[in-house]
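Shown next, in structure tokens, is the structure this report addresses.
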Amino acid sequence: MTVRVRFAPSPTGYLHIGGARTALFNWMFARKHGGKFILRIEDTDQKRYVEGAVEAIKDGLTWLGIDWDEGPDKGGSFGPYVQTMRSSLYLTWANRLLDMGHAYKCFCSAEELDEMRKEQTEKKLPLGYDRRCRILTEEEIKKRENETDGFVIRFKMPMDGTTVVKDMIRGEIPYENKQINDAVLLKSDGLPTYHLANVIDDHFMEITHIMRADEWINTAPLHIHLYQAFGWDMPDYAHLPLVMNPSGKGKLSKRSQGFDDSGTEVLVRVDEFEKAGMLPEAVVNFLANVGWNFGEDQEKFTMEEAIPKFNLEDINPAPSQLPYSKLDWLNSKYIQEMSDADLAKALKPYLDAEGLEVTDEALLAIVPAMKVRLKRLTDGEEMLQFLSKDEVFAPEAEKLAHKKIADPLNAIMKARDLIAGLAEFSVETLSAGLSALGEKVTDNEKAGPFLGLMRYAVTGQPVSPPLYESAFALGKESTLERLDRCIELLK
RNA sequence: GCCCCCAUCGUCUAGGGGACUAGGACGUAGCCCUUUCAAGGCUAAGACCGGGGUUCGAAUCCCCGUGGGGGUACCA
């Protein structure tokens, strides 16, 4: 039997990072076992449907490098892969359940149900549908059908006995059947609820393993009874731990976006990670390390390395907060591994987004020097401002002074002459010439302070890449021009 | 309220009865290096939620608390 797993998000707007991890674990599992990873869109709630959400989900997965074998655009022999396109199937099987006596029509209105819940809360009774329509007689059903606008179909959950959920991560969990509600399977709009749709789809799509978030575990007994009522084989279950807010309070939601109380940036949607300058390799690596881990005390790894080691049984059942600071660290590691050309290319859109104009040549020239300084691709902009518009260049006289350099004006003038006289303008010649000069103009004959001063004189920034590379990236003319402006300033 | 899940440094985790003076990573602090800022190197502080059992022996097994999380929708 070949492994078939699915990721089944709702198109409510975007790909949530927690959903992305669920997708990742499913995908890793499929790849490890040479199985299929299926993307299915669960859009049975029209009220929450958001235009463009399916694209957003696909874009997010694609960006992360998670590819699917069957899905809405891709096709496959088990389609369609969008639930609203399968609605007649759910209707058929819901009616079959009705015929078999496993389900019943419920005519309760929303108001009636609200009333019931209110009463339950007041009397401190267990919350849930009291099955009042389950005991309707044939005549009453006929009568209601004529009187009422619509009805839903509910499942007849056994009222006694226990159901054991076998979970690959948590082991066996017994549930008392009477605790499980008679869930709605088919809504009055004719569309199925999650419970009906996922069971039918997973069966007909021949899903072998269901890996889904832990929030579903309490409905697993219902799903088990649904499979039994249909007479279908059960897939295996694995309920994945939830991803929580950085505060540890509640599951991570879009409301957590922005900065939390401690000032850490909270990224929730996958596209936010991209916007924040994260590399997909780093994000995927990061995600794989939450709830699961590579082992061997190794934090950084590729998916290629991780897939063979991936085991459902190794997943930590405890919910976890995302260690965002670790992502920054990982991201910087991945940036440092990139080739200069690749990094320059990756940086470009982020510089463009900030309106920073830098030539490709200058960018490529400075990339080696700044690479090690970048945590995120967005960090480049600030560091490279000196390369862009000259109007940004505004050094301050006080900062051009250094206590170990007796005569900064003279030092800069000498440096200017030296650079002007350079036959070849390169990192090497700048390095040789300026370090030698530095030793002469400094009190203690160490070039350090002078080079720091020069770096500021050339870039006008308190923080920038090192001097030689910065000057080289700037070009000879601009460098000289800027030194002239510093000289004027000091005179 | 009722049901379910979970519990190791601040965070992510290793650990599945003796190998634990509880390991790693991020973060934090200090030092070194240094051309600012980084990176790198070294060092430090830092955890088995509590109580009962079981056992010669429990971070590891069981029970009870406590804490956190989830569910209890014609949402998924």
Side-chain angles (χ1 to χ4, degrees), chain A residues 8-10 12 42-45 47-48 106 108-110 113-114 117 120-121 123-129 150-154 165 167 169-170 173-176 178-181 183-189 191-195 197-198 212-221 239 241-242 244 246 248-251 262 264 286 289-300 316-330 332 336 370-375 379 383 434-435 438 446-456 459 461-468 470:
Chain A
S10 297
T12 54
E42 308 219 328
D43 59 345
T44 55
D45 185 0
K47 291 187 286 291
R48 296 206 308 160
C106 167
C108 296
S109 65
L113 293 172
D114 282 346
R117 266 188 289 271
Q120 287 168 341
T121 312
K123 293 185 179 169
K124 299 202 168 176
L125 291 164
L127 260 37
Y129 184 60
F151 60 87
V152 301
I153 295 179
R154 286 186 186 268
V165 176
D167 184 88
I169 296 170
R170 285 158 227 277
I173 307 160
Y175 283 87
E176 284 189 63
K178 65 179 177 208
Q179 294 287 345
I180 315 294
N181 271 235
V184 172
L185 301 178
L186 203 77
K187 299 182 272 189
S188 54
D189 63 3
L191 285 172
T193 58
Y194 169 84
H195 305 111
N198 101 71
R212 65 197 348 177
D214 191 34
E215 54 197 335
W216 291 111
I217 201 159
N218 292 321
T219 55
H239 289 90
L242 254 25
M244 308 217 296
K249 297 274 176 219
K251 49 181 177 176
S262 65
T264 50
F286 165 72
N289 250 334
V290 178
W292 182 77
N293 87 93
F294 188 81
E296 298 169 34
D297 288 339
Q298 189 181 329
E299 299 285 331
K300 185 171 169 294
N316 181 349
S320 47
Q321 305 164 37
L322 292 179
Y324 286 100
S325 65
K326 212 167 183 172
L327 173 60
D328 270 326
W329 170 78
L330 260 178
S332 75
Q336 287 172 49
M370 67 184 295
K371 192 188 275 185
V372 79
R373 278 150 244 267
L374 298 177
K375 274 193 163 62
D379 292 341
M383 211 165 284
L434 289 173
S435 63
K446 291 212 166 157
F450 167 72
L451 297 171
L453 170 68
M454 282 296 293
R455 192 191 52 74
Y456 181 73
T459 66
Q461 291 177 198
V463 176
S464 81
L467 169 62
Y468 312 134
S470 296

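No experiment lies behind these values; they were computed from the predicted model shown. All chains are named by letter (A, B, ...) in the order of the sequence lines, taking the proteins before the strands, and each is independently numbered beginning at 1.
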Of all the heavy-atom pairs spanning [X] and [Y], show the shortest one and how long it is.
X        : Y        : value
A:Ala318 : A:Pro241 : O-CB, 3.3 Å
A:Phe450 : A:Gly438 : CD2-CA, 3.3 Å
A:Phe151 : A:Ile153 : CE1-CG1, 4.1 Å
A:Asn289 : A:Glu299 : ND2-O, 3.1 Å
A:Asn218 : A:Ile180 : O-CD1, 4.1 Å
A:Ile217 : A:Tyr175 : O-OH, 3.5 Å

Identify the pairs formed between an N or O of the protein and an N or O of nucleotides 25-28 of chain B at a distance under 3.5 Å, and give each distance.
unit_1, atom_1, unit_2, atom_2, d
B:rA25, O4', A:Glu299, OE2, 3.3
B:rA25, N3, A:Lys326, NZ, 3.2
B:rC26, OP1, A:Trp329, NE1, 3.3
B:rC26, O2', A:Ser325, O, 3.2
B:rC26, O2', A:Ser325, OG, 3.0
B:rC26, O2', A:Lys326, N, 3.1

Measure from [atom1] on [X] to [atom2] on [N] and round the result to the nearest Å.
X        : N      : atom1 : atom2 : result
A:Asp379 : B:rU36 : CG    : P     : 19 Å
A:Leu330 : B:rU11 : CG    : P     : 19 Å
A:Met454 : B:rU34 : CE    : P     : 21 Å
A:Arg48  : B:rA76 : CZ    : P     : 7 Å
A:Gln336 : B:rG40 : CD    : C1'   : 9 Å
A:Leu467 : B:rA38 : CG    : P     : 18 Å
A:Asn289 : B:rC12 : CG    : P     : 12 Å
A:Arg212 : B:rC5  : CZ    : P     : 16 Å

If the [atom1] atom of [N] is compared with that of [M], how far apart are they to the nearest Å?
N      : M      : atom1 : answer
B:rC74 : B:rG17 : P     : 46 Å
B:rG27 : B:rU13 : C1'   : 14 Å
B:rC26 : B:rU21 : P     : 26 Å
B:rC42 : B:rA59 : P     : 31 Å
B:rC5  : B:rC9  : C1'   : 24 Å
B:rC31 : B:rU36 : P     : 15 Å
B:rG24 : B:rA45 : P     : 12 Å
B:rU54 : B:rG70 : P     : 37 Å

How many angstroms lie between atom SG of A:Cys106 and atom CZ of A:Arg154, to the nearest 0.5 angstrom?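 The SG atom of A:Cys106 sits 4.0 Å away from the CZ atom of A:Arg154.
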
Applying the Watson-Crick and G-U wobble criteria at under 3.5 Å, what pairs with [N]? Answer none if nothing qualifies.
N      : value
B:rU60 : none
B:rU21 : none
B:rU55 : none
B:rG65 : B:rC49
B:rG10 : B:rC26
B:rG40 : B:rC32

For a quick check of understanding: with a heavy-atom distance under 4.0 Å over all strands, which category does [X] fall into, base, sugar-phosphate or nothing?
X        : result
A:Phe286 : nothing
A:Thr459 : nothing
A:Asn198 : nothing
A:Pro462 : base
A:Cys106 : nothing
A:Pro465 : base
A:Ser320 : sugar-phosphate
A:Gly291 : sugar-phosphate

Testing the 3.5 Å rule here: is there a donor-acceptor pair between the side chains of A:Asp45 and A:Tyr194?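 No, no side-chain donor-acceptor pair sits under 3.5 Å.
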
Want to settle it: does A:Val290 or A:Val463 sit nearer the 5' end of RNA chain B, counting the closest nucleotide to each?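 This one resolves to A:Val290.
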
Both A:Trp292 and A:Glu42 contact RNA chain B. Which one's nearest nucleotide lies toward the 5' end?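 Nearer the 5' end of the strand: A:Trp292.
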
Shorter than 3.5 Å, N or O on both sides, protein versus nucleotides 69-73 of chain B: list them out with atom names.
unit_1, atom_1, unit_2, atom_2, d
B:rG70, OP1, A:Lys251, N, 3.0
B:rG70, N2, A:Asn218, ND2, 2.5
B:rG71, OP1, A:Lys251, NZ, 3.0
B:rU72, O2', A:Leu127, O, 3.0

Does A:Lys47 place a side-chain N or O at less than 4.0 Å from the phosphate oxygens OP1/OP2 of B:rC75?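 So the side-chain polar atoms of A:Lys47 do come within 4.0 Å of the phosphate oxygens OP1 or OP2 of B:rC75, strictly under.
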
For B:rA38, does OP1 or OP2 lie under 4.0 Å from any side-chain N or O of A:Lys371?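 Checking B:rA38 against A:Lys371, no side-chain N or O comes under 4.0 Å of OP1 or OP2.
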
Give the nucleotide from the list [options] with an atom nearest to the side chain of [X].
X        : options               : result
A:Arg170 : B:rC6, B:rC75, B:rU11 : B:rC6
A:Tyr175 : B:rC3, B:rA76, B:rU36 : B:rC3
A:Arg373 : B:rA76, B:rU36, B:rA7 : B:rU36

Residues A:Arg455, A:Ser464; criterion side-chain hydrogen bond (donor to acceptor under 3.5 Å, both in side chains); working and verdict: CA-CA 8 Å; A:Arg455 192 191 52 74; A:Ser464 81; 2.8 Å; yes

When you compare the side chain of [Y] with that of [X], does any pair of heavy atoms fall below 4.5 Å?
X        : Y        : answer
A:Ser470 : A:Pro465 : yes
A:Val165 : A:Pro221 : yes
A:Met370 : A:Met383 : yes

Should the pair A:Asp214-A:Arg170 be classified as a salt bridge under the 4.0 Å nitrogen-to-oxygen rule?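 So A:Asp214 pairs with A:Arg170 through a salt bridge.
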
